[in-house]
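Residue numbers count from 1 along this sequence. First listed ligand is number 1; within each ligand, the first listed atom is number 1.
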Amino acid sequence: MDEILLMLPGPTTVHPRVLNAMSQAVVNHRGAKYGEILTETSELMSDVFQTSNQSYLLTGSGTAAMEAAISNVVNSGEKILNVVGGKFGERFMKIANAHGITTEELAVEWGTAVTPEAIKAALDADEDIKAVSVVHNETSTGVAAPIEAIGKVMKDYDALYIVDTVSSLGGDYVDVDKFGIDVCITGSQKCIAAPPGMAAITLSDDAWAAADKVDSHTFYLDMQAAKKSGDKNPPQTPYTPSVSLTYAMNEALKMVMEEGLENRVARHHKAAKASVAASKALGLELFADEKVSSATVTAVKMPEGVTDAEFRGTTRDKYGVELAGGQDHLKGNIFRIGHMGNISYKELVQTFAAIGMTLKGLGAIEDAGAGVASITESYL
Ligand SMILES: *Cc1c(COP(=O)(O)O)cnc(C)c1O
């Protein structure tokens, strides 16, 4: 099997339109042509973030944007509240620690979502908290946090609201301005369905004001440097950007807007619902609390007696479908189906056929086709 269907929570399958866009000639990144493409791509990025503020492209993976988000608006010695309910929440806290920022962990059981009330209580208990970090879609557990409701709570406090939408923007509902998000970040290789290697960030006026007072940011990810270069004529980035990935992001974001944000979010929610139903139809148990389960990735418990290596090895090598495993203590205990980007019933039929055949082959289930039958019902 030469073509493997990527059903990962990133990277996701890249459309030929985007791959073709990437093959355009590399131009001078300080010239007018790049300035035009950078401006257009940044504007498209703001459209997808749903913000009237400027967005910035960063050459680097999503983690670069996570580091930019924290290090530009919180000084070392200041305090941040990190919501930690999985791998990526934990990463925000590690980044803050690496910058000498005092961290307060709001621990959430993996597989469940933080509540706005818990954030309110933490802010009431400690007025020194300068910022709160929340991961919208905790990719490691398949949980979506209620970022709109949290935003309503945050409006009553001075603390900045930092949100990671790396695995949700372009797949689940994100409205940066409406939700009152001060710093929002995303990555190229998840729901936006461009190749990995680029990230984006947008900052509110309050976040820029905080950035003015921070003297400890990283050099490469200094947002004031990004702003200064972005304001030049023609607009630029401080250091050499990935010109090819800028083309890719430009085309991928155009595809997002052509489909329409609302349609795209609805399509992802439909895929999530169908994946949950099909998993259950196969007799599988979900890892995440269903009330808060993600629109873009479904985490499923590994059936008793089945190992991760034989399960995911077979779906990939025999049936051509690449699924994700669990991370940290969930390694071997769950598998994850990424249904982000350009996913519809076709990919889900193939995915659930692969899962069903693999599990039947391993003697874990009786009816190999129950998942596929469920998908067809969901999409009828
Ligand atoms: C993928 C992801 C990131 C960034 O990971 P990179 O590997 O650096 O691109 C950050 N946050 C979340 C929620 C993610 O899913």
Side-chain angles (χ1 to χ4, degrees), residues 6-14 45 48-49 56-71 82-96 98 108 110-114 132-147 150 161-174 176 181 183-202 218 220-221 242 245 248-249 252 268 272 287-288 292-299 322-328 330 334-341 343:
L6 294 183
M7 295 300 287
L8 302 172
T12 55
T13 303
V14 179
M45 203 61 251
V48 176
F49 273 131
Y56 294 86
L57 298 174
L58 304 170
T59 294
S61 76
T63 305
M66 292 179 84
E67 184 150 21
I70 301 276
S71 62
N82 300 116
V83 175
V84 180
K87 189 90 187 152
F88 293 100
E90 205 171 76
R91 186 171 299 176
F92 258 148
M93 195 165 73
K94 284 185 183 165
I95 289 169
V108 179
W110 289 36
T112 69
V114 68
V132 177
S133 75
V134 178
V135 175
H136 179 203
N137 190 75
E138 183 45 83
T139 320
S140 62
T141 62
V143 165
I147 56 167
I150 295 168
Y161 186 23
I162 301 173
V163 183
D164 169 334
T165 64
V166 176
S167 65
S168 57
L169 193 81
D172 201 357
Y173 176 41
V174 179
V176 168
I181 298 171
V183 184
C184 196
I185 58 152
T186 199
S188 55
Q189 81 276 26
K190 310 271 171 104
C191 305
I192 293 169
M198 207 163 240
I201 183 168
T202 184
T218 71
Y220 187 64
L221 299 168
S242 171
L245 281 173
M249 282 294 274
H268 279 80
F287 175 72
V292 291
S293 70
S294 159
T296 65
V297 56
T298 297
E322 182 106 37
L323 299 166
Q327 294 165 291
D328 284 354
L330 296 178
I334 64 166
F335 66 89
R336 293 171 301 147
I337 307 163
H339 34 77
M340 47 183 81
I343 297 295

**Complete:** In terms of heavy-atom contacts, Ser168 and Val174 come closest through OG-CG2, 4.0 Å
**Euclidean distance, Thr298 OG1 relative to Leu323 CG, rounded to 0.5 Å** = 11.0 Å
**Message:** Just so I know, are the side chains of Val132 and Ile162 near enough to count as touching, which here means a heavy-atom distance under 4.5 Å?
**Reply:** no
**Message:** Return the CE to CG distance between Met93 and Asn82, rounded to the nearest 0.5 Å.
**Reply:** 6.0 Å
**Fill in**
For ligand 1, protein residues within the heavy-atom limit of under 4.0 Å are Ser61, Gly62, Thr63, Met66, Phe88, Arg91, Val135, Asn137, Thr139, Asp164, Val166, Ser167, Gln189, Lys190
Return all side-chain donor-acceptor pairs below 3.5 angstrom for residues 183-195, not counting sequence neighbours, or 'none' if the list is empty.
{"from": "Thr186", "atom 1": "OG1", "to": "Thr165", "atom 2": "O", "distance (Å)": "3.0"}
{"from": "Ser188", "atom 1": "OG", "to": "Pro195", "atom 2": "O", "distance (Å)": "2.7"}
{"from": "Ser188", "atom 1": "OG", "to": "Gly197", "atom 2": "N", "distance (Å)": "3.4"}
{"from": "Ser188", "atom 1": "OG", "to": "Met198", "atom 2": "N", "distance (Å)": "3.2"}
{"from": "Ser188", "atom 1": "OG", "to": "Met198", "atom 2": "O", "distance (Å)": "3.0"}

**Asked** At what distance, to the nearest 0.5 angstrom, does CZ of Phe88 lie from CD of Gln327?
**Response** 5.0 Å
